[in-house]
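Working notes, structure below.
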Amino acid sequence: MKKTKEQNFDSFAETYREVHTKSIKNVSGTDSFYFAEYKVKELVQFEENKEARVLDLGCGDGVTEVFLEKYFPLFNITGIDISEKSIEEAQKKQLKKSAFQIYDGNQIPFAKESFDVIFVAGVLHHIDAAKQQAIVNELFRVLKVHGHLYLFEHNPVNPLTRFLVNTCVFDKGVKLLYSKKCKGLLQKSGFRIQNLIYTIFFPRTGFFKKLITLEKYIRKVPIGGQYYFRASKS
């Protein structure tokens with residue numbers, strides 16, 4: 001398979017969580033696993049624990065699947081990634097309800113309308129701008145009618161987010177997507193936007209830790225450290 005710049009995660013596959021935690025902990029007050037779990041917990045308010053086919057595009061080392069199985073034990077999950085070594089790390093976890101496979105970064109290797117839920121976390125900003133629409137088109141193709149897409153991205157409006165991205169070895173040279181840009185990509189593919197939610201407004205430590213409970217009241221304020229779209233195919 002032709003090597004692309006996105007595949008540089010091969011070199012971090014074994015140490016991704018350790019390196020990521022070191023990069024973010026002084027500012028965020030927590031570790032890489034926290035952020036993987038929080039994204040899955042966001043789905044709990046929308047999705048039932050029932051039999052469903054779930055796709056995780058850009059699954060990396062499979063930590064997201066650990067939490068998906070924790071909160072949604074009836075889900076049947078497929079994780080795909082262009083990083084072969086990351087897929088190897090995911091497979092080592094030997095999860096009961098999750099399968100992992102490498103893909104070419106272009107065409108998602110499944111038939112039309114294969115999945116009930118699609119999860120994409122922090123992936124689009126690692127994809128060349130010229131390819132982003134094609135990837136979103138693929139997500140639309142493999143999502144079932146009435147299925148849901150959850151698309152998480154870093155928010156470039158937030159100064160702490162910009163700092164963390166600029167100092168993170170994984171994000172060297174990336175260009176973050178404003179929520180308006182993401183919305184346009186989704187709508188052009190045919191997705192119907194149901195929710196745009198901003199999250200992670202405060203560090204998870206010290207005085208700021210006391211303010212975390214307030215975040216549920218300000219989820220529409222566009223300065224959270226991250227945001228996500230919940231979109232459907234109708």
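Please read all numbers here as calculations on a predicted model, not as lab measurements.
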In this structure, which one of Leu186, Leu151, Leu185 forms a side chain to side chain contact (heavy atoms under 4.5 Å, CB included) with Phe191?
-> Leu186

Do other residues, nucleotides or ligands put more than 12 heavy atoms under 6.0 Å from Glu18 CD?
-> no

Side chains of Arg17 and Val63 in contact at under 4.5 Å (non-hydrogen atoms) | yes

Do the non-hydrogen side-chain atoms of Glu37 and Lys70 ever get within less than 4.5 Å of each other?
-> yes

Establish, yes or no, whether a centroid distance under 6.0 Å links the rings of Phe152 and Tyr227.
-> no

Side chains of Val157 and Tyr198 in contact at under 4.5 Å (non-hydrogen atoms) | no

Glu153 side chain vs Leu124 backbone, donor-acceptor pair below 3.5 Å = yes

Side chain proximity check, Val54 to Phe115, heavy atoms < 4.5 angstrom = no

Under 6.0 Å between the ring centres of Tyr150 and Phe229?
-> no

Consider only side-chain N and O atoms of Asp116 and His148, and report whether a donor and an acceptor are under 3.5 Å apart.
-> no

Validation row, ring centre His20 to ring centre Phe12 under 6.0 Å | no

Output yes when Glu42 and Arg219 qualify as a salt bridge under the 4.0 Å nitrogen-oxygen rule, no when they do not.
-> yes

Hey, does the Lys NZ or Arg CZ of Lys85 hover above the aromatic six-ring of Phe9, less than 6.0 Å from the centre and inside 45° of the axis?
-> no

Under a 4.0 Å N-O cut-off, is there an ion pair linking Arg204 with Glu215?
-> yes

Any donor-acceptor pair under 3.5 Å linking the side chain of Asp171 with the backbone of Val174?
-> no

